[in-house]
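Chain naming here is simple, since letters A, B, ... match the order of the sequence lines and numbering starts at 1 in each.
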There are 2 protein chains.
Amino acid sequence: MKALRFENNELQLAEIAKPISESEAVVRVTKSGICNTDLEIVRGYAGFSGTIGHEFVGVVEEAFDAPQFVGKRVVGEINAGCGRCEWCLQNDARHCPARTVLGIVGRDGAHAEFLTLPARNLLEVPAAVSDEQAVFVEPLAAAFGINEQVEITPETKVVVIGDGKLGNLCAQTLALKSRNVVLVGKHKEKLALVRERNIETVLLDDALRLNKCFDVAVEASGAESGFNLALDLLKPRGKLVLKSTFHGAARWQAWRVVVNEITIVGSRCGRFAPALELLKNKLVTIENLISEELSLSDGVKAIERAGQKGVMKIILS
Amino acid sequence: MKALRFENNELQLAEIAKPISESEAVVRVTKSGICNTDLEIVRGYAGFSGTIGHEFVGVVEEAFDAPQFVGKRVVGEINAGCGRCEWCLQNDARHCPARTVLGIVGRDGAHAEFLTLPARNLLEVPAAVSDEQAVFVEPLAAAFGINEQVEITPETKVVVIGDGKLGNLCAQTLALKSRNVVLVGKHKEKLALVRERNIETVLLDDALRLNKCFDVAVEASGAESGFNLALDLLKPRGKLVLKSTFHGAARWQAWRVVVNEITIVGSRCGRFAPALELLKNKLVTIENLISEELSLSDGVKAIERAGQKGVMKIILS
């Protein structure tokens, strides 16, 4: 089968054996989405070697221990745990110390014709959710996961920094909980994408004119400057949600965090079930985030394209 | 009167007018304590100019609007608010945007014969608390204030990093809530100070052998390396309490905070009333933290001494 692989510091479309598994489900990938994490891996920042990709929708071909899934259209949570640690016993493999992560840590990923995952990771996609929408479940869950960690009420004043895919989804999902969401970004055309969802948008250059009155700031730009802007905009005892897994060592003024008693909340993966519900109930707009759909055969070109200015989501199929 | 002042980038003992005030209480300072923040100010890191010092015990000489305080032995909360903002209206000036802070921000401090503070900042010292103990109320409140921000139960596994005065007080106060407190530091003799309080101590060089199982890590060393050690020792979704207001830009691996979904809690000042209760009930050991007591006239020498290796608290009287 074809697979988009990063090995020996090089990305290439390889022909490899179709996976077989007696303990996991084998899924034929229908579509996969390119995430910024894929780009970080290809830059060599994450120490991963193998098939990249972790956002997908597909159809189950085989599942020895979960035959009810065979033939079903599914998405899959990306953390596969040991099944025995304190985290796994709570049915949450996201922090299992022995976990593998689809296309990110020790497990071949989704930019391929087939992948395998434990059947317990799979969720059937409701008929009302298209393949194009379903491929967004993973980043949508990551965005909506902020609610697991920080209380958001209708009155909570929230600023999201970064108008890329992640910032867009964070703003959309936070706006389901709060009436006071502002999205800050550099790009007029990207900011315009959320306006139909009744979210205020502000260009980065104007952001410092905002009152320093926010209860919650979400850093989704992946830039050190985004982190510092968040500190500028939060009120004392405000919460800074860190979503971007930017690599390298960032500089920060720790004293500002202490003096203003800011809480910084690192936030990574969310749960898929509530995200599927959002899609099913048309509570978020996904379609306008897709810049282009390319064939898996053009995967190397697609990764290049995904890194270009102004490009949002690239889908492989 | 004599006052230890930092002006034009220079520390000196100056002779200045005794303060008079019609709106604030005038306090004759009995003893004042030298804090690391004083040392940071004298290094020019904090942009403060004036009389330094914020830890004190004294006797009220005048208080036009609160005559009941006159002649009383008092300590005083160091943040003086505007009295009208949302914080002040909750009787908490610690984050008033217009606040002054005794000897730190826009207000002459405690290393002087007299100081002034709003009468609402003062608390009478119970007879059972000595002057030597009372002068520790401010740092003790700062340490005990962690409980305001992070839930600590008897089972919570806590590591405190830094065996200086602040780390010592954090370990002692956290040990009142949790049975599982470990203090990590570089100095055998400083670690020994908490052992009578039934706190486990570990030398820094051995700290990486500790299990990465801590629910809460308190960074009280003021060093970038302390922050990174805290990240090493926390379990996923653990809480890192940042107590040190170290200045300059620290480097950090933000991705570790995101991947392990760590929460970083900036923590500054605590309330004085519960700290006075701890002293009154002999729940913390303070006496062994005093390295030396010097005359205010020797203030410049005392500040030098406070910065030397192995020295804990220096008291001025």
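Not a single salt bridge (charged side-chain N to carboxylate O under 4.0 Å, His left out) links A:Glu151 to another residue, sequence neighbours left out. Checked against side chain to side chain donor-acceptor pair (under 3.5 Å), A:Glu77 has the following partners two or more places apart in sequence or in another chain: A:Arg271. Not counting sequence neighbours, the partners of B:Thr51 by the side chain to side chain donor-acceptor pair (under 3.5 Å) test are B:Arg5.
Contact count versus chain B (heavy atoms, under 4.5 Å) is highest, among A:Val259, A:Leu240, A:Val257, A:Ile262, for A:Val259.
Only the backbone of B:Lys243 has a heavy atom closer than 4.5 Å to any heavy atom of chain A.
For the pair B:Lys239 and B:Asp215, the salt-bridge criterion is not met [side-chain N within less than 4.0 Å of a carboxylate O]. Classification of B:Arg237 and B:Glu261 as a salt-bridged pair holds, one side-chain N sitting under 4.0 Å from a carboxylate O.
For a heavy-atom cut-off of 4.5 Å, chain A lies close to B:Glu86, B:Trp87, B:Arg94, B:His95, B:Arg99 in residues 86-103 of chain B.
The backbone N or O of A:Gly266 lies less than 3.5 Å from a partner atom in the side chain of A:Gln149, making a donor-acceptor pair.
With hydrogens and angles left out, the side-chain atoms of B:Asn168 and B:Gln172 include a donor and acceptor closer than 3.5 Å.
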